Amino acid sequence: MNKILKNLIKKHTILLIIEIILIGVNIYLLTVPSKMLGQIIDFLYDISLNKQSIMKATYILLGICVLILISRVVWKMIDAKISRNIVKELRDRLFEKMLKTDVAKIQTLKNGDIMSHFVRDINQVRKFLSNAITLSVRFVLNFAIVAYTMIQSTNIKLTIVGLCPIVISIILILLTIKKLERNYNEARVKFTELSEYVQESTDSIRTTKAYVGEKNQYDEFMNKNTDLKNIDLKVITSETMLGIYTNMGIGLGMGMAILFGSNMVLNNQITVGDFVAFNGYMLILQQPIRWIPWMIKHFKKYQVSYKRLDDMFKMKEEKVLIDSSNSEKLKGDIEINNLTYKYPESSENVLENINISIKSGKSLGIIGVIGSGKTTLMNLLLKLYKVPNGNIFIDGRDINEIQTDTIRNNICYITQDNFLFSTSLKENINLFRDIYDEDEIMESTKSSMIYDEIKEMSDGINTIIGEKGIDLSGGQKQRVVISRAFLNDSSILIFDDTFSALDNRTEESLLRNIRRLTENKTCIIISNRISDIKHCDEIVVLEHGKIVERGIHRDLLALKNKYYEFYKNQAEKSRGRMSILD
Ligand SMILES: Nc1ncnc2c1ncn2[C@@H]1O[C@H](COP(=O)(O)OP(=O)(O)O)[C@@H](O)[C@H]1O
Ligand SMILES: [Mg+2]
């Protein structure tokens, strides 16, 4: 993260320098009208000077005002440009980071968190950084330039008297900051506690009502809410104190300047013009002091957002080159040896002692109830999660030694979630691979048995999903997703529970097409339906992550055990249509 900030500053060095110079010029120009006003007043006392001198001074004054305006507009524009670039750059990097991050890690984040990184945290960082740079520069330059002008054109003693209360108030403000920081932290913790409590209560509302727990929940909420109110009050008190110190310094400074200044005029130590000019400088000086409370408040918020973004940027990345043009081909022999696996966050094994061998051109069927570990096995094959060396081999090579994008380019994985992007059917089928033309895509939809339905849609293959109320049925979605398998020339095809929403006739034809397609490929079919896997060269039955039976359809039936149970259950459900199963 720090690297990113440094890069951002490096990238905008020239703009930042121009901006700082413009701020300096702007502040200097701001002091000029006060000085000139003082001079004009002194001219008025000096009748030897003619009207022309006053007119001349007035024109210069007007010119200066225009210059102040121009320098301010330009510096503000530069500021806007830099801050928008910061937002864009951070969002780009964050999105890239998300794509590159390990699936295991991404899954630990909540959706709401990711969105708040993209919106709130980045904006907070932008808000503080862009203002912090200009405000600190303005603060320092303002103090330096104005104090210098005061000493130069008025009087050093008066300058010290006017500045003293301001310096004292700055010290008081700095002392209050520590307390305020503590209160901010506590308020944040209390707020998070309350939000989590509300979230949990909403999620568990049925249970709460069923067990008449409303009163308990309400009391607990009241306590938490009261804690939050109390700490919020403390925050507001500290913030108010900051405001009081700020105004006190400014007010006292002005008072002292008027008191001592007028005395000096009476004693002829300074002119009336000097006195007026001095008060003008004091007004300019006040401005940046008023920003201190703002800076403190936003600095705290910035720190929190910065830390959250930093944690994201530190997440472990997969070794996948996003824009690689890797075209390495794999044959498709898969060998799984003694694979035992548990997810990083869980304590129990999801897979135990799995041994599977599939040669290219052969097919494997996996059957097992929900949660038996079928999808996990496929996730490991795709390197979505890390397995130790020596467990999974493709073409005789350990998958840890094969580039991740090579593996994913060579495996066509049709997932069980049927996720479709809100774009055209065409793009959903060729998914990130724009090498296929419309005819090829249409051809693939014939094999996946969705051709006729797409033809009937008004925009055909270019129909946009989700637009004009176009929503596909579960079965249609499955077939659209399956079309990808017929388009791709991957050597390994995986169908993970992808036929569940299809009617029997469609399923039969589709499976026939798949068998034709995968004659020379490696094919894995995961399903709970016997009809989907009965033709496979080998079938394994998974139970609690273990292979409990294996063989071909007929032999497994003959065992009259686990596989037979699935068979029997389904035969009962589809009584009268036994032929599908045999
Ligand atoms: N990302 C994950 N982190 C932790 N546990 C998981 C994760 N994904 C799945 N599991 C657990 O692993 C087990 C197997 O899940 P899964 O492979 O999806 O089963 P199946 O595909 O056979 O239904 C389940 O108990 C599930 O809760
Ligand atoms: Mg699954």
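Only a predicted model underlies this, so the values are computations on that prediction, with no experimental measurement involved. Index from 1, following the sequence. Each ligand, and each atom within it, is numbered from 1 in the order the structure gives.
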Give the atom numbers and elements of ligand 1 that come within less than 4.0 Å of a heavy atom of Ile370.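 That gives atoms 23 (O) of ligand 1.
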
With a cut-off of 4.0 Å, which atoms of ligand 1 are near a heavy atom of Tyr385?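 Those atoms are 1 (N).
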
Taking 4.0 angstrom as the limit, do Lys560 and Glu565 come out as a salt bridge?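 Result for this pair is no, no salt bridge flagged.
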
Is it true that Glu220 and Lys224 make a salt bridge, defined as a side-chain N closer than 4.0 Å to a carboxylate O?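 So Glu220 pairs with Lys224 through a salt bridge.
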
Within-shell test, Gly373 vs ligand 1, heavy atom, strictly < 4.0 Å: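 Per 4.0 Å heavy-atom rule, Gly373 contacts ligand 1.
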
Shortest protein contact, [atom] (heavy atom only):
| atom | answer |
| --- | --- |
| atom 11 (C) of ligand 1 | Tyr343 CE1, 4.0 Å |
| atom 12 (O) of ligand 1 | Val350 CG1, 3.4 Å |
| atom 15 (O) of ligand 1 | Thr376 OG1, 3.7 Å |
| atom 1 (N) of ligand 1 | Gln107 OE1, 2.9 Å |

Say whether, by atom type as modelled, one donor and one acceptor occur between the side chain of Gln570 and the main chain of Ile530 under 3.5 angstrom.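 At least one qualifying donor-acceptor pair exists.
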
Please confirm whether the backbone N or O of Arg505 pairs with a side-chain atom of Asp503, one donor and one acceptor, at under 3.5 Å?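 A pair under 3.5 Å: yes.
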
Counting neighbours of OH on Tyr385 that are heavy atoms of other residues, nucleotides or ligands and sit closer than 6.0 Å, is the number greater than 12?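 Buried by this count: over 12 neighbours within 6.0 Å.
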
Please indicate, with yes or no, if any protein heavy atom is found under 4.0 Å from atom 7 (C) of ligand 1?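 Yes; the ligand atom in question has protein heavy-atom contact below 4.0 Å.
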
Return yes when at least one protein heavy atom is under 4.0 Å from atom 27 (O) of ligand 1, and no when none is.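 Flag for atom 27 (O) of ligand 1 set to false, no protein heavy atom closer than 4.0 Å.
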
Could an N or O of ligand 1 be found under 3.5 Å from any N or O of Gly371, whether backbone or side chain?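 Between Gly371 and ligand 1 (N or O atoms, distance only) the closest approach is under 3.5 Å.
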
Using the side chain to side chain contact (heavy atoms under 4.5 Å, CB included) definition, which of the options Val540, Ile533, Ile526, Leu556 pairs with Ile367?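 Running side chain to side chain contact (heavy atoms under 4.5 Å, CB included) over Val540, Ile533, Ile526, Leu556 with Ile367 returns exactly one hit, Ile533.
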
Hey, what's the ring geometry for Tyr302 with Tyr306, parallel, tilted or perpendicular (30° and 60° as the breaks)?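 The rings of Tyr302 and Tyr306 sit tilted, inter-plane angle from 30° to 60°.
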
For the pair Asp395 and Arg397, evaluate salt bridge (charged side-chain N to carboxylate O under 4.0 Å, His left out) and give the outcome as yes or no after the intermediate values. CA-CA 6 Å; Asp395 293 357; Arg397 288 158 68 196; over 6 Å; no

Using a 4.0 Å heavy-atom cut-off, say whether [X] meets ligand 1 through its side chain, its backbone, both or neither.
| X | value |
| --- | --- |
| Ser346 | neither |
| Tyr341 | neither |
| Thr375 | both |

Which option wins on minimum heavy-atom distance to atom 22 (O) of ligand 1: His544, Lys374, Gln416?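 Heavy atom nearest to atom 22 (O) of ligand 1 belongs to Lys374.
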
Quick check on the 6.0 Å ring-centre criterion: do Phe566 and Tyr564 meet it?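 Not under 6.0 Å, so no.
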
Are Glu317 and Thr101 close enough that a side-chain donor and a side-chain acceptor fall under 3.5 Å?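 No - no donor-acceptor pair under 3.5 Å links their side chains.
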
Could you grab the angle centred on the Mg ion (ligand 2), going from OE1 in Gln416 to OG1 in Thr375, to 10°?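 Vertex at the Mg ion (ligand 2): approximately 80°.
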
